[in-house]
2 protein chains.
Amino acid sequence: MYIFVFNTQSVMANQKLYKGSLQTIILKLLAENNKMYGYEITQKVKTLTHGKLNITEGALYPALHKLEAEGILDVEVLNIGNRFRKYYKLTEHGTKETISRLAEMQTFINTMQQLVNPSFSLE
Amino acid sequence: MYIFVFNTQSVMANQKLYKGSLQTIILKLLAENNKMYGYEITQKVKTLTHGKLNITEGALYPALHKLEAEGILDVEVLNIGNRFRKYYKLTEHGTKETISRLAEMQTFINTMQQLVNPSFSLE
DNA sequence: ATATATACATAATTTTCTTATGTATAAATC
DNA sequence: GATTTATACATAAGAAAATTATGTATATAT
């Protein structure tokens with residue numbers, strides 16, 4: 001006999017809300033950690049958000065490829081034993097872009113906070 | 001001779017970030033204002049966000065119709081002179097749903113704030 | 001020996017938006 | 001008076017960004 005208990009309140013709130021913020025999250029992590037590989041990013045985000053945000057591979061890898069194609073990220077393939085890892089890091093342009101995206105994210109956060117709960121506002 | 005000046009920094013930051021939050025914004029406004037019509041919602045959001053968020057009609061009306069179909073909103077059609085307006089208000093179920101969605105939004109905001117700038121965190 | 005974790009990738013589908021288009025009345029401007 | 005802008009609804013086509021499903025392969029833990 002098994003009893004499963006899920007705390008749906010604390011885990012995986014509304015994943016939908018994170019739509020549109022994945023790229024900014026990736027850029028912020030790379031700004032802090034110099035170079036990271038995809039799987040590492042998913043684990044780091046899971047840890048930092050206490051499991052609230054789980055980046056799926058189907059979202060992550062296309063996002064990394066796109067950022068690379070846009071010249072925001074550089075990639076370096078390293079052999080680790082018998083397998084490979086693709087390490088990503090910010091280009092010079094990517095660093096500028098990150099600063100800009102983080103500013104936009106802060107504006108967004110402030111605006112949403114103001115909208116949903118004016119009393120929490122910093123203004 | 002015309003000179004156009006746009007301040008692209010303060011107006012319309014990254015509209016993409018708002019993806020997924022439209023329904024919650026609508027619900028919050030209806031919780032505060034009892035009943036509102038579509039156009040009124042777009043104007044209210046524009047004012048409250050100082051022009052940072054402009055809800056398009058192509059996004060708004062389908063969202064209202066969906067919330068109504070889900071039993072979250074009730075609609076009442078009123079004649080104003082020679083035209084009509086569709087006033088929306090929260091159902092009983094919609095009020096509960098709003099409380100839940102606002103809690104999810106607050107969790108999202110806190111998580112994103114923590115991610116992009118840990119020093120701003122309230123924790 | 002088997003299951004789980006690590007590590008990449010892509011295709012099909014879904015969701016949610018933008019952009020474009022359409023209709024119609026009211027008010028403001030030229 | 002004519003024209004533009006604002007008010008007020010609606011939907012269709014297309015784009016963007018995700019989820020879900022599937023695939024491959026090695027390393028580690030049970």
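Order of the sequence lines sets the chain letters (A, B, ...), proteins ahead of strands, with each chain counted from 1. Quick note: numbers below take in every heavy atom, side chains included, and nothing from hydrogens, waters or symmetry partners.
- Atom-to-atom, CG of B:Asn54 to P of C:dT18 comes out at 10 Å; the value is rounded to the nearest Å.
- OP1 or OP2 of D:dC9 has not a single side-chain nitrogen or oxygen of B:Tyr39 nearer than 4.0 Å.
- When side chains are defined from C-beta on, A:Leu30 does not count as touching A:Lys89, because their heavy atoms never get closer than 4.5 Å.
- Salt bridge status for B:Glu40 with B:Lys44: absent, with no side-chain N to carboxylate O gap under 4.0 Å.
- When all heavy atoms of B:Leu64 and B:Gly38 are compared, the pair lying nearest together is CD1-CA, 4.0 Å.
- Rounded to whole Å, the distance from CD1 on B:Ile80 to P on C:dA24 is 20 Å.
- Residue A:Lys66 places no side-chain N or O under 4.0 Å from the OP1 or OP2 atom of D:dA16.
- Across the protein-nucleic acid pair, B:Glu76 atom CD and D:dC9 atom P stand 13 Å apart, rounded to whole Å.
- Separating the NZ atom of B:Lys16 from the C1' atom of C:dC17 is a distance of 12 Å, rounded to the nearest angstrom.
- In this model, the phosphate group of C:dA9 is not approached by any side-chain N or O of A:Tyr61 to a distance below 4.0 Å at OP1 or OP2.
- Taking for each of A:Arg83 and A:Gly58 the nucleotide of DNA chain C with the nearest heavy atom, the 5'-most of the two is the partner of A:Arg83.
- Regarding contacts with the backbone of D:dT11, a side-chain N or O of B:His65 is found under 4.0 angstrom from either OP1 or OP2.
- The side-chain tip of A:Lys35 points at the ring of A:Tyr87 from less than 6.0 angstrom away and within 45° of straight on.
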